[in-house]
Amino acid sequence: MSTDAAEIPAYRYTAELANQIEERWQRYWEDHGTYHAPNPVGALKGDVPADKLFVQDMFPYPSGAGLHVGHPLGFIGTDVFARYHRMNGRNVLHTMGFDAFGLPAEQYAVQTGQHPRKTTEDNINTYLRQIRRLGLGHDERRRISTIDPEYYKWTQWIFLQIFNSWYDADLKRARPIAELISQFESGERDVPGGHTWSELSFADQQRILGDFRLAYMSEAPVNWCPGLGTVLANEEVTADGRSERGNFPVFRKNLRQWMMRITAYSDRLIDDLDRLDWPDKVKAMQRNWIGRSHGARVRFAVGSENIEVFTTRPDTLFGATYMVLAPEHELVDQIATPDRVADIAAYRRAASLKSELDRQENKEKTGVFIGAYATNPVNGKEIPVYIADYVLMGYGTGAIMAVPGQDQRDWDFAKKFDLPIIRTVQPSEGFEGDAFTGDGPAINSGFLDGMAIDDAKKTMIGWLEENGHGRGTVQFKLRDWLFSRQRYWGEPFPVVYDEAGTAIALPESMLPIELPDVDDYSPRTFDPEDADTEPSPPLSRATEWTTVELDLGDGLKTYRRDTNTMPNWAGSCWYQLRYVDPVETERFVNPENEKYWLGPRTEQHGVNDPGGVDLYIGGVEHAVLHLLYSRFWQKVLFDLGHLSGDEPYRRLFNQGYIQAYAYVDPRGVYVPADEVVEQDGKFTYNGEEVRREYGKMGKSLKNVVTPDEMCARYGADTFRFYEMSMGPMDVSRPWATKDVVGAQRFMQRLWRNLVDETDGSLRVTDEEASVEALRLLHKTIAGVHDDYANLRYNTAGAKLIELNNYVTKHYPAGTPRPLAEALVLMLAPQAPHVAEELWAKLGHEGSLAHGPFPAADEQYLVEDTVEYPIQVNGKVRSRVVVSASAGQDEIKAAALAEEKIAELVAGGEPRKVIVVPGRLVNIVL
RNA sequence: GCCCCCGUAGCCCAAUCGGUAGAGGCAGGUCCCUUAAAAGGAUCACAGUACGGGUUCGAAUCCCGUCGGGGGUACCA
């Protein structure tokens with residue numbers, strides 16, 4: 001009896017052979033620095049072609065679970081793109097770093113006592129081993145990790161740049177804070193409060209500057225999450241008022257925290273989206289999040305006070321029949337009548353106890369009358385003032401004019417409290433709803449009557465401005481970015497506090513401010529439901545670190561450090577800049593290198609080109625978090641003159657997700673997916689029928705497939721090729737291990753067409769390829785070029801399979817060399833190791849990483865003849881072959897002369913004959 | 001509720017400007033090779049594009065409606 005091994009030919013392209021080849025070439029690439037991309041200047045200086053390409057993946061957070069087959073989809077996608085362009089002669093920057101600060105490592109540290117740095121570095125090593133195994137062509141000299149002190153030194157430096165700048169609303173750009181101070185000193189700008197700058201104390205000066213700085217401390221309602229023991233940014237809170245991570249309740253609480261004045265950039269962040277090559281979906285999400293509304297601010301007098309409201313519908317002012325203030329509005333106490341105080345207090349208490357979730361779920365209108373009446377400026381009518389929790393303190397002015405005729409929420413409230421309703425827009429015919437929000441002529445509106453909404457708005461804003469009752473304005477939903485976290489595992493703030501509690505920036509020479517070692521990493525967490533708790537950051541317990549003696553220019557003094565850390569978005573805001581110049585010690589990036597890799601290239605991308613990474617691939621989940629923050633930092637650094645472009649990512653592409661089936665037995669327990677058997681449309685595990693679910697890949701769902709497994713079973717090249725062939729990059733699809741064999745068969749066939757399986761000899765011949773073969777070859781080359789350039793790897797792969805199948809069929813004795821070489825080169829971006837191996841076997845020295853990529857020869861792309869389908873009344877009835885140079889009349893004549901067609905036309909005159917050159921002929925009878 | 005995207009063979013997917021519905025892969029049938037199986041080779045079948053209407057000489061593609069799936073967002077005045 002013979003063993004299986006003896007029957008497999010020695011030189012068949014098996015997983016074992018693939019693994020040998022892959023390991024060998026990975027070592028070669030590493031030894032030769034094949035993927036090193038030279039910089040114009042600095043430590044990585046080299047000869048740089050003018051034509052460059054910067055490709056970037058959204059860098060991963062190194063979790064303990066390692067990679068599953070879904071993760072590398074984007075990584076392989078960028079690698080194929082990078083390899084394609086590298087083979088075509090471009091200087092390609094492609095590398096990968098790690099977004100390594102964050103909660104999981106800290107939570108693991110709390111459980112085990114292991115330092116988060118150790119956990120994180122172990123995980124990074126696992127990731128590095130996994131991505132190396134995939135043969136990703138990274139410039140490993142450019143790897144960065146956000147937790148490296150040499151990296152976060154510059155994160156802290158950027159923080160100080162932001163802290164030390166202010167937004168000049170007239171010039172619409174950030175400027176150094178020193179320029180604001182000199183404006184105050186010289187009197188060019190009035191000091192708020194009417195003070196003289198030099199007479200103010202240091203603390204008072206800093207308090208005033210805090211209202212201008214782009215990073216500032218504020219005591220404001222923030223999202224406090226007791227379950228996580230930290231505060232969160234708005235972007236990290238879900239629509240139903242819970243933490244995105246951990247799903248704990250989030251409460252509004254007044255706390256003193258670092259904020260970033262991202263709202264100063266609202267207009268630019270919206271307007272500049274037009275200059276980006278990004279998916280419309282992501283642009284729409286950012287526009288939506290920033291939420292620009294055009295409208296008016298209107299003042300309503302209440303005795304000697306004024307209530308200011310924001311409205312997008314100034315045209316409906318005649319229909320304002322009452323007003324509503326947010327319960328927390330500061331005017332309430334001043335204008336409420338004494339008899340209403342008890343009710344107001346009771347309502348406020350009830351409102352504050354409602355969680356965000358309660359407010360979401362129960363939209364029944366509630367509120368109380370506060371005894372005051374306001375004057376509608378447009379008609380002098382006295383209208384009652386209420387407080388109600390459907391008006392939010394955080395948007396607009398925290399007060400509204402209620403127009404029940406045109407707003408459903410106001411309608412609901414008015415019905416409940418029996419308030420008058422005046423329609424100011426004529427509802428369309430047959431309208432039967434409550435509030436009418438459509439367009440129509442103004443009614444009951446004095447000088448506006450008859451106008452359409454747009455005209456009425458303009459007219460009313462003009463009237464308000466003329467009579468001093470208000471002005472046209474723009475309102476944004478975007479709020480400033482809460483920038484402190486009560487965590488250990490993050491970047492410390494590069495500031496200290498003096499005795500008066502004033503924040504003082506540390507000089508650049510003291511950076512980085514490194515994290516101290518502590519015994520206890522845990523932020524104190526609390527009962528998730530208990531809103532009356534206070535954050536207690538782990539660093540506050542590192543007393544030796546928090547108190548520090550420094551000489552900051554006026555002698556040795558005692559200062560306190562900030563015990564908060566930065567959110568983990570900080571490190572990812574600027575990593576593309578550090579990839580460009582990873583070892584530069586004097587600056588965060590050398591301007592020449594930055595300009596070469598990231599600067600605007602108007603001759604190539606048009607006059608509005610903002611610069612940035614040439615292709616950035618990642619999931620859509622960062623549409624309003626990372627991608628908004630990163631754009632903001634880029635713009636600040638651009639304004640301050642540190643960068644040549646004002647957008648970080650010129651082109652963005654969202655890859656889809658690879659999902660997976662999971663199987664549940666009748667008890668509701670997940671069973672191992674790889675042991676489930678499918679038969680006749682039913683799924684069984686150990687003979688028991690199980691139910692199939694579709695969703696994520698995860699340990700708890702027992703359906704994880706790892707790239708390591710796939711590499712071991714098929715080899716990295718086969719795995720890469722399969723992943724790219726599953727569908728277009730941006731489509732999510734289910735993982736199917738059983739389908740991988742298709743990719744393997746292709747690789748084996750291609751290998752066999754070039755290499756003898758039994759003795760390993762080359763099966764390439766000097767026979768000339770037929771004209772037919774050359775036509776197919778050059779058509780394939782042209783198509784594959786196009787597909788690679790447009791991220792259509794699935795169709796590129798299909799074209800290669802088609803060409804290879806042709807070779808298999810027509811050249812059983814051996815492959816003509818031009819076909820063999822072109823196949824290998826075109827395969828290389830997707831399956832680089834086997835391509836290198838075959839390229840070497842074909843007798844070439846060195847690597848094919850830098851080309852040549854085959855070019856299509858025009859002479860084989862033009863056909864001599866064209867076969868035209870002939871339609872009669874839209875249905876294909878026959879075909880005719882015509883010379884490719886034939887004119888329309890010739891084609892038409894040939895079609896009509898065709899036997900079957902002549903029969904169908906039967907001597908009559910067709911009503912119309914449509915000739916689509918190169919496509920078809922349609923005869924209308 | 002509002003906004004956006006998607007429905008093509010049993011499954012994953014092609015069809016680039018409105019022009020012959022099928023490139024590729026999985027699964028399946030038949031044949032060759034083989035003692036047999038695997039691997040390999042050859043070959044075949046399978047949908048009329050979720051559904052209903054419209055525009056057009058011609059619709060998977062454009063428009064309207066319905067159904068199904070996915071995503072975003074929501075007392076934002």
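Each chain gets a letter, A, B and so on, in the order the sequences are listed, and its residues count up from 1. Since this is a predicted model, take the numbers as computed values, not measurements.
- For A/Lys365, the side-chain contact (heavy atoms from CB on, under 4.5 Å) partners at least two apart in sequence or on another chain are A/Tyr390, A/Arg409, A/Asp412, A/Phe413.
- Straight-line distance between the C1' atoms of B/U34 and B/A42: roughly 16 Å, to the nearest whole Å.
- Qualifying side-chain contact (heavy atoms from CB on, under 4.5 Å) partners for A/Asn794, counting only residues two or more places apart in sequence or in other chains: A/Pro728, A/Arg792.
- Under the 4.0 Å criterion applied to side-chain N and carboxylate O atoms, A/Asp274 and A/Arg287 are assigned as salt-bridge partners.
- B/U49 sits 35 Å from B/G41 when the P atoms are compared, rounded to a whole Å.
- Here, B/G71 and B/G54 have their P atoms 35 Å apart, quoted to the whole Å.
- Under the 3.5 Å distance criterion, with hydrogens and angles disregarded, no donor-acceptor pair is assigned to the side chains of A/Thr718 and A/Tyr13.
- Residues satisfying the side-chain contact (heavy atoms from CB on, under 4.5 Å) criterion with A/Asp315, sequence neighbours excluded, are A/Arg313, A/Val425, A/Ile453, A/Ala456, A/Lys457.
- A/Asp674 pairs by the salt bridge (Lys or Arg N to Asp or Glu O under 4.0 Å) definition with nothing, not counting sequence neighbours.
- Within the shown strands, nothing qualifies as a pairing partner of B/A59 under the Watson-Crick or G-U definition with both distances less than 3.5 Å.
- Following rounding to the nearest Å, A/Gln871 (CD) and B/G18 (P) show an atom-to-atom distance of 16 Å.
- Summarising the geometry, the separation between CE on A/Met726 and P on B/C11 is reported as 16 Å, rounded to the nearest angstrom.
- What separates CG of A/Leu478 from P of B/U73 is a distance of 14 Å, to the nearest Å.
- Distance, A/Asn790 CG to B/U16 C1': 9 Å, rounded to whole Å.
- A/Pro812 comes within 4.0 angstrom of no nucleic acid atom, judged by non-hydrogen atoms across all strands.
- Comparing B/C13, B/C57, B/A77 by their closest approach to the side chain of A/Val731 singles out B/C13.
- Under the rule for a ring-ring contact (aromatic ring centres under 6.0 Å, His included), the partners of A/Phe746 that lie at least two apart in sequence or sit in another chain are A/Phe721.
- Considering only side-chain N and O atoms, A/Lys738 lies nowhere under 4.0 angstrom from the phosphate OP1 or OP2 of B/C26.
- Non-hydrogen atoms lying under 4.0 Å from RNA chain B are contributed by A/Gly742, A/Arg745, A/Arg749, A/Arg752, all within residues 742-754 of chain A.
- Look at B/C2: its Watson-Crick or wobble partner, with both distances under 3.5 angstrom, is B/G72.
- Applying the side chain to side chain donor-acceptor pair (under 3.5 Å) rule to A/Arg713 yields no partners; only residues at least two apart in sequence or on another chain are considered.
- Base pairing annotation: B/G65 forms a Watson-Crick or G-U wobble pair with B/C51, both donor-acceptor distances under 3.5 Å.
- Only the P atoms considered, B/G72 is 43 Å distant from B/C57, to the nearest whole Å.
- Residues satisfying the salt bridge (Lys or Arg N to Asp or Glu O under 4.0 Å) test with A/Arg752, not counting sequence neighbours, are A/Glu757.
- If you check B/C26, B/C76, B/C12 against the side chain of A/Arg409, the one that comes closest is B/C76.
- Residues satisfying the side chain to side chain donor-acceptor pair (under 3.5 Å) test with A/Glu621, not counting sequence neighbours, are A/Tyr657.
- Distance from the side chain of A/Pro734 is smallest for B/C12 among the nucleotides B/A77, B/U20, B/C12.
- Between the P atoms of B/C62 and B/G7, the separation comes to 10 Å (whole Å).
- Between the OH atom of A/Tyr661 and the C1' atom of B/A27 there is a distance of 14 Å, rounded to whole Å.
- Between B/U61 and B/C46, the two C1' atoms lie 24 Å apart (nearest whole Å).
- When ring centroids are compared, A/Trp411 and A/Phe436 stay outside the 6.0 Å threshold.
- Along RNA chain B, the nucleotide closest to A/Leu920 and the one closest to A/Ser732 are compared, and the more 5′ of them pairs with A/Ser732.
- Between the CD1 atom of A/Ile914 and the P atom of B/A59 there is a distance of 12 Å, rounded to whole Å.
- For B/C13 and B/G24, the C1' atoms lie 8 Å apart once the distance is rounded to whole Å.
- The stretch residues 794-810 of chain A touches RNA chain B through A/Asn794, A/Thr795, A/Ala798, A/Ile801, A/Glu802, A/Asn805, A/Lys809, each having a heavy atom under 4.0 angstrom from the strand.
- Listed by residue number, A/Lys281, A/Met285, A/Ser293 are the residues of residues 277-298 of chain A with a heavy-atom contact under 4.0 Å to RNA chain B.
- Distance check on atom C1': B/G40 versus B/C33 gives 8 Å, rounded to whole Å.
- With sequence neighbours excluded, the residues forming a salt bridge (Lys or Arg N to Asp or Glu O under 4.0 Å) with A/Asp277 are A/Arg651, listed by chain and number.
- Here the C1' atom of nucleotide B/C12 and the CD atom of A/Glu723 are 13 Å apart, to the nearest Å.
- From A/Leu803, atom CG reaches atom CG of A/Leu776 across 5.0 Å, with rounding to the nearest 0.5 Å.
- When rounded to the nearest whole Å, the span between CG of A/Asp739 and C1' of B/G10 equals 12 Å.
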